[in-house]
Amino acid sequence: MFTEPFIDLSVHHQPKGFSDHFAHGFTKVLRFCADTFFAKRYGHRAIVLETVAAVPGMVGATINHLKCLRRMQDDNGWIRTLMEEAENERMHLMTFVDVAKPTLFERFVIIGVQWVFYLAFFALYLTSARTAHRVVGYFEEEAVISYTHYLKEIDEGRSKNVPAPEIAKRYWNLPETATLRDVVIVVRADEAHHRDVNHGFSNMLHGKPVDPGALTTYPIGHTQATGKVAA
């Protein structure tokens, strides 16, 4: 029996100061580009955007790992959290590749966008980790909105509610009867969790109080994403 996880769809970090406004403005520009290019082709939008979404966690984990080695200090759980975020986003990608087969053109777009975004985000994280995490927080706010729209498309019959891919059923421990709608719901919950974690990290770096519960890893039961599952 599939139980829909509860998430707060209304969460929005109100920008304060130059760093937040830069992060929010940058996110809105990318949102405009995605809306223009993909319109309501949510499956194809997910494929391209999840390749980008999987970058920040790996970048943050790498930089924090090296910093901890240099300073010989503990990471307070940041590295594992960011690595799990990167892996989780990769599993989103693998799931939607099964749902909406990417075109050759989209594969070329993914290669170009990934390299540009990786280098840009790496430079941003080195310059201001607080701004980088705020960018990701806003990215995830937009992701929650996009997957909510995707659910509406499915519920109103404009997108087919096909059976859930096997990789999704294994990873999220979904029942055999699970459908695409169930997948979108758990993916949206993941994105909401990443939203809260990254806004929390940004607040911590800004010296603001943070609820430790908002920084826990894996909001719902995920399997260990082994190479066999991800194949």
Side-chain angles (χ1 to χ4, degrees), residues 1-14 24-54 85 88-107 109-110 113 135-199 218-223:
M1 182 68 180
F2 173 71
T3 302
E4 181 174 340
F6 171 78
I7 63 170
D8 187 348
L9 299 178
S10 65
V11 171
H12 170 63
H13 176 81
Q14 195 64 33
H24 188 254
F26 178 64
T27 302
K28 286 299 183 182
V29 169
L30 292 185
R31 173 77 194 214
F32 173 78
C33 294
D35 287 345
T36 301
F37 186 79
F38 295 105
K40 292 187 176 182
R41 296 184 302 131
Y42 290 103
H44 292 268
R45 176 199 293 251
I47 289 174
V48 175
L49 297 187
E50 293 294 356
T51 64
V52 173
E85 177 185 311
N88 181 246
E89 298 287 8
R90 179 178 61 82
M91 295 304 290
H92 293 177
L93 169 66
M94 300 304 296
T95 296
F96 284 107
V97 164
D98 200 299
V99 174
K101 308 299 183 184
T103 65
L104 183 61
F105 175 70
E106 286 168 341
R107 290 178 182 273
V109 169
I110 289 169
V113 170
V135 165
V136 180
Y138 285 131
F139 277 5
E140 303 298 4
E141 287 185 17
E142 296 296 333
V144 169
I145 293 172
S146 291
Y147 283 116
T148 299
H149 290 167
Y150 197 1
L151 280 175
K152 185 177 180 181
E153 291 288 304
I154 294 172
D155 289 342
E156 296 180 356
R158 288 187 292 273
S159 292
K160 292 183 179 180
N161 190 24
V162 298
E166 288 299 321
I167 188 173
K169 288 189 284 189
R170 290 194 296 268
Y171 182 63
W172 283 283
N173 296 312
L174 298 175
E176 283 302 314
T177 56
T179 64
L180 175 60
R181 186 180 191 280
D182 300 326
V183 172
V184 173
I185 286 173
V186 292
V187 169
R188 184 179 63 173
D190 286 343
E191 305 293 16
H193 178 67
H194 300 325
R195 171 199 67 194
D196 297 340
V197 167
N198 280 279
H199 279 319
Y218 281 127
I220 56 177
H222 297 144
T223 60

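Throughout, numbering of the chain's residues begins at 1 and tracks the sequence. Keep in mind it's a predicted model, so treat the numbers as computed, not measured.
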Would you mind reporting whether [Y] and [X] have side-chain heavy atoms less than 4.5 Å apart?
| X | Y | answer |
| --- | --- | --- |
| V52 | E89 | no |
| N88 | H194 | yes |
| V135 | F26 | yes |
| V113 | T51 | no |
| E50 | E191 | yes |

List for me each residue that meets side chain to side chain donor-acceptor pair (under 3.5 Å) alongside [X], sequence neighbours excluded, and say none if there are none.
| X | answer |
| --- | --- |
| E176 | K169 |
| T148 | R188 |
| K160 | none |

Checklist entry - Which atoms form the tightest heavy-atom contact between V99 and P165, and what is the distance? => result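 Smallest interatomic distance, heavy atoms only, reads CG2-CG, 3.7 Å.
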Item to check | Heavy-atom pair of closest approach, residues A168 and T95 | outcome: CB-CG2, 3.8 Å
Next on the checklist: Run the salt bridge (charged side-chain N to carboxylate O under 4.0 Å, His left out) test against D98 and tell me which residues pass, sequence neighbours left out.
Outcome noted: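 Counting only residues at least two positions away or on another chain, D98 forms no salt bridge (charged side-chain N to carboxylate O under 4.0 Å, His left out).
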Item to check | Residue list, salt bridge (charged side-chain N to carboxylate O under 4.0 Å, His left out) with K152, at least two apart or on another chain | outcome: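 By the salt bridge (charged side-chain N to carboxylate O under 4.0 Å, His left out) rule, K152 matches no residue at all.
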Checklist entry - Who are the side chain to side chain contact (heavy atoms under 4.5 Å, CB included) partners of I154, not counting sequence neighbours? => result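 Only Y150, S159, N161, L180, R181, V184 meet the side chain to side chain contact (heavy atoms under 4.5 Å, CB included) criterion with I154.
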Item to check | SB check E141 R195 (cutoff 4.0 Å) | outcome: no
Next on the checklist: Looking at T179, is its backbone amide N or carbonyl O close enough to the side chain of D182 to form a donor-acceptor pair, meaning the two atoms are under 3.5 Å apart?
Outcome noted: yes
The criterion is ring pair (Phe, Tyr, Trp, His ring centres under 6.0 Å); which residues satisfy it with [X], sequence neighbours excluded?
| X | answer |
| --- | --- |
| H199 | H13, Y138 |
| H92 | W172 |
| F139 | F117 |

Next on the checklist: Run the side-chain contact (heavy atoms from CB on, under 4.5 Å) test on M91 and D190 for me, step by step, so that the C-alpha distance in whole Å, both residues' side-chain angles and the decisive distance to 0.1 Å come before the verdict.
Outcome noted: CA-CA 11 Å; M91 295 304 290; D190 286 343; over 6 Å; no
